[in-house]
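The structure appears below as structure tokens.
Order of the sequence lines sets the chain letters (A, B, ...), proteins ahead of strands, with each chain counted from 1.
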Amino acid sequence: MLEQIAFALVFIAGVSLFALRIKAIRRNILLGRDDDRSDNSSARWKTMALVALGQSKMVVRPVAGIMHILIYLGFVIINIEVLEIIIDGVTGHHRIFAGIGGLYDFLIGSFEILALGVLVSCVVFLARRNMLRIKRFHSAEMTKWPKSDANIILIVEILLMFAFLSMNACDALLQGALVQAQAEGAEISEKLSHYAQAGSFPISQFLNPLYEGLSVSGLIMMERFMWWFHIVGILGFLVYVPYSKHFHIFLAFPNTYYSNLNPKGGFNNMEAVTKEVQLMMDPSADPYAAPDPNAAPPAKFGAKDANDLTWKQLMDSYSCTECGRCTSQCPANQTGKLLSPRKIMMDTRDRIEEIGKNMDKNKGTFQDDGKTLLGDYISEEELWACTSCNACVEACPVNIDPLGIIVDLRRYLIMEESKSPESITAMFNNIENNGAPWAFPASDRGKWTEEMNEA
Amino acid sequence: MSQAIHVPTMAEMLAKGETPEVLFWVGCSGSFDDRAKKITKAIAKILTHAGVKFAVLGAEESCTGDPAKRAGNEFLYQMQAMQNIMVLNGYEIKNIVTGCPHCFNIMKNEYPELGGNYEVQHHTQFINQLIKDGRLQVKDGEIFKGKRITFHDPCYLGRGNDVYEAPRSVLQQLDAELVEMRRCKKQGLCCGAGGAQMFKEAEPGNKEVNIERTEEALEVKPNVIATGCPFCNTMMTDGVKNFEKEGSVEVKDIAELIAEAADLL
Ligand code: SF4
Ligand code: SF4
Ligand code: SF4
Ligand code: SF4
């Protein structure tokens, strides 16, 4: 009974902490501006199925992609086992699903094989991350925390899988002890009677030698310890994940569902600008007309801080796995420029987190802290290095769009602060005066037609 | 070509009460840049040769606003766009072929929201269609026999609009060997000119993007680097010069290659 109460308390604590954190992230994402992505749900489901569930963009790099799929499958399927553990924990049963017979053996057997797959993949990923000098895991924005975040999760997964297999090994040994006791007609303790024959153990049997030396009570203690370690580990993981880049295991789904379905080359139209331009170009408009007193105050053009971005851009930032595939494809980054699309996403998330924490401290309203995304996190030099080539968007396995953020920040620089490199200003002036980015007279535009018949 | 070619403007066509099958949107680079003008002329020759009734806007054309928009100047972009849309709608234009993927992208994807709805094609798509419809024959004058051609995907055509096959299918008309660079199609590397980079110095780094891209192109030992964008063309041409390879490697637009093969130049 005591064990059941303890379990229930731990479980409730874990789930509540998780729920609180989700609530905070949701609030932060909704600080963003509106962006209607409610259209075309069938195409959206399809994108999600392909990109998030099917991981179509992961396998562009096949080795890492396939191992990632193993970990992912392992994670999803082993959750069935977790469900059993939770029910057992609350009700005091042992292996409550065992009643389903042969299927149960099959399930436990496949969990074990998956667990081994996960274990191996995690060891390989850990080695790859720390021993091979893969450039994208060691660039400037991969500071201490992003690096240890990746390592923590891999080590915890390895420990969890080890605990899971050890738990099964002890269980199998106890099942053997029970059968033997029954055959010998020996007295059977209540605790031992729990370990009725159930499950098949294709992998964990190889761990048996580790635990064979233990007495029955020692085995029971070990089995219980591993059981607790495993489930507390999983609850800990649940609480940890939304603070980490691993939150993508949840957000990958909504984030791909709401991805941009239009051709990547097209940028969004700014309605607010359209209205003003129409007024300017309309000869019948009265330039001295009093502004409509009921009109909402004009929002700023472009984005200066994280909450000037749209909710989708903020969701992007929470979905980022920091894998660096975007940065490794970025022409600017590859040629040594400061710009890194991954850093754009990490900065955006760090800043909106900071804004959220500020609000928590100040009873829900943001108190100016003298900082902004543009300037304090992302510099003009980074912004101006972008060629708008969309390589980052193409590379991202969860359809994140760093380019959209870059453009919105540029828009603020140009339209609110009139700040641009000199030659860009000259280009603007040329377009305005000559209708071309260079200083050629507009009347010369058709000149080439006269040269058509020259050799 | 013996016959003199006359490229009519929309104003001329309208005066004669005629409507073109397609409007050829030349773009700024194609109108003013000496190198790009050769591409423009090649396109015009191909259209004429294939018997396409087309017109240009001439002095009534103005920058689409692409460099302004990519640099963040939405005001300037929309002013340019609305002005162009007014002209295009005034002539009741339905079909447009562009000589530049930036113009193609912006007119296809961004003009509709401002009231400009057209069927827009990039010149490689249009040429591909002409060939498929049997309106354009590229007789293999064998000038490309044994040559290696590699195509640099313009990002605004490729990733931006998922057009990868049309330019390649046009190139297959030539008697040459088409070789792909390490990074091509979806993974193609930008030449470094987009996002208004063309009009400014690059930020500090350890290399120019066009050098990186040219290096990659030269790795496959091409005789010709084929392009589909006047800006890419400039960048790759500069890159080839940087490696002092202009004697052995040509940088040419697909339109030029086709015009050459069809003996139109
Ligand atoms: S769009 Fe900009 S940030 Fe993204 S890969 Fe291209 S240059 Fe880099
Ligand atoms: S934006 Fe996408 S590709 Fe880039 S680091 Fe984040 S998850 Fe990886
Ligand atoms: S997009 Fe480029 S080629 Fe097209 S009109 Fe503008 S500057 Fe000229
Ligand atoms: S100029 Fe660069 S950005 Fe433009 S299409 Fe060519 S490769 Fe892409």
**Message:** Given heavy-atom pairs under 4.5 angstrom as the criterion, report whether the side chain, backbone, both or neither of R183(B) touches chain A.
**Reply:** side chain
**Prompt:** chain A heavy atoms under 4.5 Å from V56(B): which part of the residue, side chain, backbone, both or neither?
**Reply:** side chain
**Request:** Scan side-chain atoms only and decide if N269(A) and Q78(B) contain a donor-acceptor pair under the 3.5 Å cut-off.
**Result:** yes
**Prompt:** Does C155(B) reach the side chain of N390(A), with side-chain heavy atoms less than 4.5 Å apart?
**Reply:** no
**Salt bridge present between E203(B) and K337(A) (N-O < 4.0 angstrom)** = no
**Message:** Check this for me: E119(B), atom CD, are more than 12 non-hydrogen atoms of other residues, nucleotides or ligands nearer than 6.0 Å?
**Reply:** no
**Item:** Pairs of heavy atoms under 4.5 Å with chain A: top-ranked of Q83(B), Q80(B), H6(B)
**Value:** Q80(B)
**Message:** For a side chain to side chain contact (heavy atoms under 4.5 Å, CB included) check, start with the C-alpha distance between M452(A) and K45(B), then their side-chain angles and the critical distance, and finish with the verdict.
**Reply:** CA-CA 8 Å; M452(A) 257 323 265; K45(B) 283 180 181 168; 3.6 Å; yes
**Prompt:** Within the distance-only criterion (no hydrogens, no angle test), does the side chain of Y156(B) pair as donor or acceptor with the backbone N or O of S388(A) below 3.5 angstrom?
**Reply:** yes
**Asked** So which of M82(B), E212(B), E60(B), Q187(B) has the biggest tally of heavy-atom pairs under 4.5 Å with chain A?
**Response** M82(B)
**N210(B) side, atom CG; T387(A) side, atom OG1 - distance, nearest 0.5 Å** = 12.0 Å
**Pairs of heavy atoms under 4.5 Å with chain B: top-ranked of E432(A), R410(A), E271(A)** = R410(A)
**Message:** Contact between N109(B) and N262(A) at the side-chain level, heavy atoms closer than 4.5 Å - yes or no?
**Reply:** no
**Prompt:** E110(B), E201(B), R213(B): which one forms the most heavy-atom pairs within less than 4.5 Å of chain A?
**Reply:** E110(B)
**Request:** Output, in order, the C-alpha distance, side-chain angles, deciding distance and verdict of side chain to side chain contact (heavy atoms under 4.5 Å, CB included) for F199(B) and N430(A).
**Result:** CA-CA 11 Å; F199(B) 305 97; N430(A) 285 328; over 6 Å; no
**Asked** Top residue by heavy-atom pair count (under 4.5 Å) with chain B, among A436(A), S420(A), G446(A)?
**Response** A436(A)
**Asked** Are any of the side-chain heavy atoms of M198(B) and M427(A) separated by less than 4.5 Å?
**Response** no
**Message:** Can you tell whether the side chains of R159(B) and E394(A) come within less than 4.0 Å, N to carboxylate O?
**Reply:** no
**Prompt:** Rounded to the nearest 0.5 Å, how far apart are CZ of R411(A) and OH of Y77(B)?
**Reply:** 9.5 Å
**Asked** Are side-chain heavy atoms of Q334(A) and K207(B) found at a separation under 4.5 Å?
**Response** no
**Prompt:** K37(B) versus chain A, heavy atoms under 4.5 Å apart: side chain, backbone, both or neither?
**Reply:** side chain
**Atom group of Y111(B) that falls short of 4.5 Å from chain A, counting heavy atoms** = neither
**Message:** Looking at chain A, which one of G188(B), G58(B), A202(B), P204(B) has the largest number of heavy-atom pairs inside 4.5 Å, strictly under?
**Reply:** P204(B)
**F428(A) vs P67(B) side-chain heavy atoms within contact, under 4.5 Å** = no
**Prompt:** Do Q197(B) side-chain atoms and C386(A) backbone N/O form a donor-acceptor pair below 3.5 Å?
**Reply:** yes
**Prompt:** Should C63(B) and I431(A) be marked as a side chain to side chain contact (heavy atoms under 4.5 Å, CB included) after you check the CA-CA gap, both sets of side-chain angles, and the distance that decides it?
**Reply:** CA-CA 7 Å; C63(B) 179; I431(A) 294 182; 4.0 Å; yes
**Prompt:** Who among L57(B), V7(B), T40(B), N73(B) has the most heavy-atom pairs with chain A under 4.5 Å?
**Reply:** N73(B)
**Request:** Have a look at L189(B) and tell me which of P331(A), C389(A), C330(A) forms a side chain to side chain contact (heavy atoms under 4.5 Å, CB included) with it.
**Result:** P331(A)
**Asked** What is the minimum heavy-atom distance between W384(A) and K200(B), and which atoms define it?
**Response** O-NZ, 3.0 Å
**Request:** Test the R70(B)-F267(A) pair against the cation-pi criterion, namely NZ or CZ under 6.0 angstrom from the six-membered ring centroid and within 45° of the ring axis.
**Result:** yes
**Asked** Is it true that a side-chain atom of K447(A) and a backbone atom of F32(B) form a donor plus acceptor pair closer than 3.5 Å?
**Response** no
**Request:** Quick one: which of G158(B), A196(B), A59(B), A68(B) has the most heavy-atom pairs under 4.5 Å with chain A, could you say?
**Result:** A68(B)
**Request:** State, to 0.1 Å, how close N105(B) and G265(A) come at their nearest heavy-atom pair, and which atoms those are.
**Result:** ND2-O, 3.0 Å
**Message:** For a side chain to side chain contact (heavy atoms under 4.5 Å, CB included) check, start with the C-alpha distance between R445(A) and C28(B), then their side-chain angles and the critical distance, and finish with the verdict.
**Reply:** CA-CA 8 Å; R445(A) 208 177 253 276; C28(B) 310; 3.4 Å; yes
**Fill in**
Rounding to 0.5 Å, atoms CD (E74(B)) and CD1 (I414(A)) come to a distance of 12.0 Å
**Message:** Quick check on N206(B) against chain A: is it the side chain, the backbone, both or neither that has a heavy atom closer than 4.5 Å?
**Reply:** both
**Close side-chain approach of V26(B) and W448(A), heavy atoms under 4.5 Å** = yes
**Request:** Mind checking the NZ-CG spacing from K264(A) to D162(B)? Nearest 0.5 Å is all I need.
**Result:** 5.5 Å
